[in-house]
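All chains are named by letter (A, B, ...) in the order of the sequence lines, taking the proteins before the strands, and each is independently numbered beginning at 1.
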Amino acid sequence: MIKFEFDVTASSNGKVINCHVCLTLNSCEHNECRICQSKLHSRNKHSLQNTIALLFTGFLFYIPANVMPIMYTNLLGQKTGNTILGGVITLWQQGSYPIALIIFIASVLVPIGKMIALAWLCYGVATDRFSSYQKHHTLYRLTEFIGRWSMVDVFVVAILVALIQMGNLMSIYPGVAAIAFAGMVIATMLAAMTFDPRLIWDPVNAKSDLNQIKNQK
Amino acid sequence: MQHHPLQSNAHQSLESETIACHECDLLIHLPPLAEGHKALCPRCNHVLTQKRRNARDKVFAFAISAIIFLVFSLPFDFLSFESKGNARIVTLAESIESLSLYNFESIAILIFLTTILVPGIFLLGLVYVLISLSVNKMYRHTQKIAKFLFSLLQWNMAEIFLIGILVSFVKIASMAKVNFGLSFFAYVLFIIFLALTVSNLDRFQFWRWVKIHIDQNQPNLSQLKDRGV
Ligand SMILES: [Zn+2]
């Protein structure tokens, strides 16, 4: 067995590599994990480029998702388009404050906040500007955890379309924004998955390695 | 549940295992954990692993229950809607499929995948692996399935679908009567058992079970490769 200098990471140690699938430490000499035969790599490949490209895609979807109608209501032959914000305002006026807030947070604030947070993380990693690594790691966990929940709106449209089908009396059908919205959620989820949180910590590893070299002298 | 913060420079005991934190890559000596203990990364606080009492039996039982309730959520009435003498009853599949009436098949497929197929395949795959571990057979497939199980989990949105249903319910409650059918309650139970399965399933412990299984079935493979380390 290799002896480890502790307070170092697998990558800065240079002898071992962690399998991303089964979490087993492998010797760097191997290309495949000895337990699960997955391809070994120390960091997600092109993590920052992929995350930024996916964020950009997500942002392109975000605009039509909010500007265009997510569904149409046909009430007695009169057809009106409903945007997400319009729906929030209607709910608020009806007095359903908690639901209005949930929809507003989940479909307007969370997606844009998540994109800004991931962009900030990419910027910080690329320029090594972080003062608190722990805080930025927490921010990453939050974006990763929260991503799927924006899908609520698409599900609401699906259920309303399924239930309210009474011809000209009252019908609901989906709008283009539903597709844009789903595209935005998927793109930002992929962006969070491709971002490698280990990159946040890499500058610390480099510094601790320097300290070790100093100590040896 | 006791927290068990680790020291990265702790002395290596005979039983301890060296691992790297999955989220920050720090090398850590993981001491043997007692049941009910949780190991946290000393640097980034990532939960490295959590050892729960009878985790394997619990995960198996919860996963089987979740599969049964998922099956039961398919054939019966899911939701019904009544307004001004008009009534409409839909099954779970119909509630998703209606979108395709308006050429929104892409969204219908996406919803079907994230709320039924992905969690269903995850549960079946998990049960398959756990059965193969307990009978000590089917090594090849076991490993292949074990590898994609955890990436499937990221795409499960069943519980979000449930929130979507409740939000729709609030939206139309003022103008119509919405009733929940038998399938709906089966689907709620499916989500509860799926959540119990996931919360008792620890990725590190899961792979530990699989590793022991591999060692017993193909001792040469892992030992030969081990020598390089
Ligand atoms: Zn860590």
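A heavy-atom distance below 4.5 Å is found between the side chains of A:Leu25 and B:Leu27.
Residue B:Asn103 does not touch chain A at all, counting heavy-atom pairs closer than 4.5 Å. If you measure heavy-atom distances from A:Ser96 to chain B, the contacts under 4.5 Å come from the side chain alone. Using a 4.5 Å cut-off between heavy atoms, A:Leu169 contacts chain B through its side chain alone, with no backbone atom that close. Looking at B:Tyr102, the atoms closer than 4.5 Å to chain A (heavy atoms on both sides) all sit in the side chain, from C-beta outward. The contact between B:Ser95 and chain A is made by backbone and side chain atoms together, counting heavy-atom distances below 4.5 Å. For A:Leu163, the parts lying under 4.5 angstrom from a heavy atom of chain B are both the backbone and the side chain. Residue B:Glu97 does not touch chain A at all, counting heavy-atom pairs closer than 4.5 Å. Residue A:Ile179 touches chain B through both its backbone and its side chain, counting heavy-atom pairs closer than 4.5 Å. Contact of A:Met151 with chain B is made through backbone and side chain together, with heavy-atom distances under 4.5 Å. Residue contact with chain A, scored on non-hydrogen atoms closer than 4.5 Å, involves the side chain of B:Thr115 exclusively. Heavy atoms closer than 4.5 Å to chain A are found in the side chain of B:Thr114, but not in its backbone. Residue contact with chain A, scored on non-hydrogen atoms closer than 4.5 Å, is absent for B:Ile96. If you measure heavy-atom distances from A:Thr138 to chain B, you find no contacts under 4.5 Å at all.
Heavy atoms only, all atoms of each residue included: B:Glu23 and A:Trp201 are closest at O-CD1, 4.3 Å. Closest of all the heavy-atom pairs between A:Ala158 and B:Leu99 is CB-CD1, 3.7 Å. Minimum interatomic distance between B:Lys147 and A:Ser38 (heavy atoms only, all atoms of both residues): CE-OG, 3.2 Å. Of all the heavy atoms in B:His22 and A:Asn18, the pair that sits closest is CA-ND2, 4.2 Å. Nearest heavy atoms, A:Ala162 versus B:Val90: O-CG1, 3.9 Å. Contact between B:Phe104 and A:Val176 at its shortest, heavy atoms only, is CZ-N, 4.0 Å.
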Check your understanding: Given the rule in the side-chain contact (heavy atoms from CB on, under 4.5 Å) test, do A:Met189 and B:Trp155 qualify, once you have shown the distances and angles that lead to the verdict?
Key -> CA-CA 9 Å; A:Met189 275 176 74; B:Trp155 294 101; 3.5 Å; yes
Exercise for review: Starting from the C-alpha separation in whole Å, work towards a yes-or-no answer on side-chain contact (heavy atoms from CB on, under 4.5 Å) for B:Leu110 and A:Ile186.
Suggested key: CA-CA 10 Å; B:Leu110 178 73; A:Ile186 291 173; 3.5 Å; yes
Point to revise | Audit row: A:Leu23, B:Ile19, side-chain contact (heavy atoms from CB on, under 4.5 Å) steps and yes/no | key: CA-CA 8 Å; A:Leu23 316 177; B:Ile19 60 164; over 6 Å; no
Exercise for review: Output, in order, the C-alpha distance, side-chain angles, deciding distance and verdict of side-chain contact (heavy atoms from CB on, under 4.5 Å) for B:Lys171 and A:Gln94.
Suggested key: CA-CA 9 Å; B:Lys171 275 195 163 184; A:Gln94 286 171 356; over 6 Å; no
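Within the 3.5 Å criterion, the main-chain N or O of B:Leu26 finds no donor-acceptor partner in the side chain of A:Arg198. The backbone N or O of A:Gln165 sits nowhere less than 3.5 Å from a side-chain atom of B:Arg88 that would complete a donor-acceptor pair.
Interface check for chain A: of the options B:Phe169, B:Phe204, B:Phe78, B:Phe148, the most heavy-atom pairs under 4.5 Å are formed by B:Phe204. Between chain A and the residues B:Leu101, B:Leu166, B:Ile89, B:Asn156, the largest count of heavy-atom pairs under 4.5 Å involves B:Asn156. Heavy-atom pairs under 4.5 Å with chain B were tallied for A:Glu144, A:Met170, A:Met166; the largest tally goes to A:Met166.
With rounding to the nearest 0.5 Å, the separation of CG in A:Asp153 from CD1 in B:Ile163 is 13.0 Å. To the nearest 0.5 Å, atom OG1 of residue A:Thr24 and atom CH2 of residue B:Trp207 are 7.5 Å apart. B:Cys24 contributes atom SG, which lies 11.0 Å from atom CG of A:Asp196 (distance to the nearest 0.5 angstrom). With values rounded to the nearest 0.5 angstrom, A:His20 atom NE2 is found 13.5 Å from B:Ser151 atom OG. The NZ atom of B:Lys211 sits 5.5 Å away from atom SG of A:Cys22, with the distance rounded to the nearest 0.5 Å. One finds the CD1 atom of A:Ile172 at 9.5 Å from the OG atom of B:Ser168 (value rounded to the nearest 0.5 Å).
With a 6.0 Å radius and a threshold of 12 heavy atoms from other residues, nucleotides or ligands, A:Asn31 has its CG atom at or below the threshold.
Using the six-membered ring where Trp is involved, B:Phe161 and A:Phe155 have ring planes that are perpendicular, over 60° apart on the 30 and 60° scheme.
Checking A:Val154, A:Val185, A:Val152 one by one against B:Ile160, the side-chain contact (heavy atoms from CB on, under 4.5 Å) holds for a single residue, A:Val152.
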